[in-house]
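Data block below; observations after.
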Amino acid sequence: MLAKQRAIPYSSWLFVMPLFFKSKNYFLNQLMETIKYPTGEITILWKPKACIHSGICVRTLPQVYDPKARPWIRPENTTTRELIDQVGKCPSGALSIQNDVVNNEVNG
């Protein structure tokens with residue numbers, strides 16, 4: 001004998017349907033706190049809850065990342081290019097880059 005299937009209430013579909021259209025990371029990013037470390041040219045974004053503490057950042061640029069110091073990220077201690085290269089190696093995606101350079105046009 002087949003079991004009778006229950007219909008899913010409409011309110012449940014409102015919650016579930018976006019999961020089919022957006023990636024899992026979209027929802028995780030909305031829930032996570034982001035700490036910003038500006039340099040002038042770029043801003044390093046760090047999501048502590050996403051960090052898996054692999055230590056790649058500390059081993060790659062120890063002059064920038066010091067877990068015992070506060071603030072623990074000091075982007076002024078290296079070049080923008082080195083920061084961008086290192087952030088790209090973060091395995092969890094807890095570190096990311098926001099570009100702060102704005103094109104200033106001369107009105108004349």
Side-chain angles (χ1 to χ4, degrees):
M1 187 174 242
L2 295 173
K4 185 176 179 182
Q5 291 183 341
R6 295 173 48 190
I8 298 174
Y10 178 73
S11 61
S12 295
W13 279 108
L14 291 176
F15 175 74
V16 173
M17 287 307 290
L19 297 175
F20 294 108
F21 299 109
K22 303 259 185 188
S23 71
K24 177 177 71 171
N25 290 336
Y26 173 82
F27 290 100
L28 290 175
N29 289 339
Q30 298 303 313
L31 297 173
M32 289 190 196
E33 170 190 21
T34 301
I35 300 172
K36 297 180 179 185
Y37 298 91
T39 68
E41 293 180 25
I42 61 171
T43 297
I44 297 178
L45 306 174
W46 179 53
K47 295 179 179 157
K49 293 179 182 175
C51 185
I52 61 173
H53 306 289
S54 67
I56 291 173
C57 55
V58 176
R59 287 191 301 275
T60 306
L61 291 175
Q63 71 275 19
V64 174
Y65 303 95
D66 183 359
K68 295 177 183 173
R70 294 295 175 259
W72 81 280
I73 298 177
R74 290 168 288 160
E76 65 276 1
N77 291 344
T78 192
T79 65
T80 300
R81 181 79 257 157
E82 287 178 325
L83 284 170
I84 292 170
D85 292 343
Q86 187 285 312
V87 167
K89 296 175 184 175
C90 179
S92 67
L95 292 171
S96 59
I97 297 286
Q98 174 183 314
N99 192 351
D100 293 341
V101 176
V102 177
N103 293 331
N104 293 325
E105 295 182 18
V106 177
N107 294 327

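Both backbone and side-chain heavy atoms feed into the values below; hydrogens, waters and symmetry mates do not.
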Can a salt bridge be assigned to the pair Lys89 and Asp85 using a cut-off of 4.0 Å between side-chain N and carboxylate O? no
Can you get from Val64 to Ile84 by hopping between Ile, Leu, Val, Met, Phe, Trp and Tyr side chains that sit under 4.5 Å apart? yes
Are Asp100 and Glu41 side-chain neighbours, meaning at least one heavy-atom pair lies under 4.5 Å? no
Should Leu61 and Tyr37 be counted in the same cluster of Ile, Leu, Val, Met, Phe, Trp and Tyr side chains packed under 4.5 Å apart? yes
Point-to-point distance, once rounded to the nearest 0.5 Å, from OG of Ser96 to CD1 of Ile42: 10.0 Å
Of all heavy-atom pairs between Lys47 and Thr34, which one has the smallest distance, and what is that distance? CE-OG1, 3.3 Å
Would you name the heavy atoms of Glu33 and Pro48 that are closest together and state the gap between them? O-CD, 3.5 Å
Do the side chains of Ile73 and Leu95 get nearer than 4.5 Å, heavy atoms only? yes
Would a 4.5 Å heavy-atom cut-off, applied to side chains only, mark Ile97 and Ile44 as touching? yes
Which heavy atom of Ala50 sits nearest a heavy atom of Ala94, and at what distance? C-CB, 3.8 Å
Nearest heavy-atom contact between Gln63 and Asn77 is O-ND2, 2.8 Å
Would you call the rings of Trp72 and Trp46 parallel, tilted or perpendicular, taking 30° and 60° as the class edges? perpendicular
Looking only at heavy atoms, the pair that brings Arg70 and Pro67 closest together is NH1-O, 2.8 Å
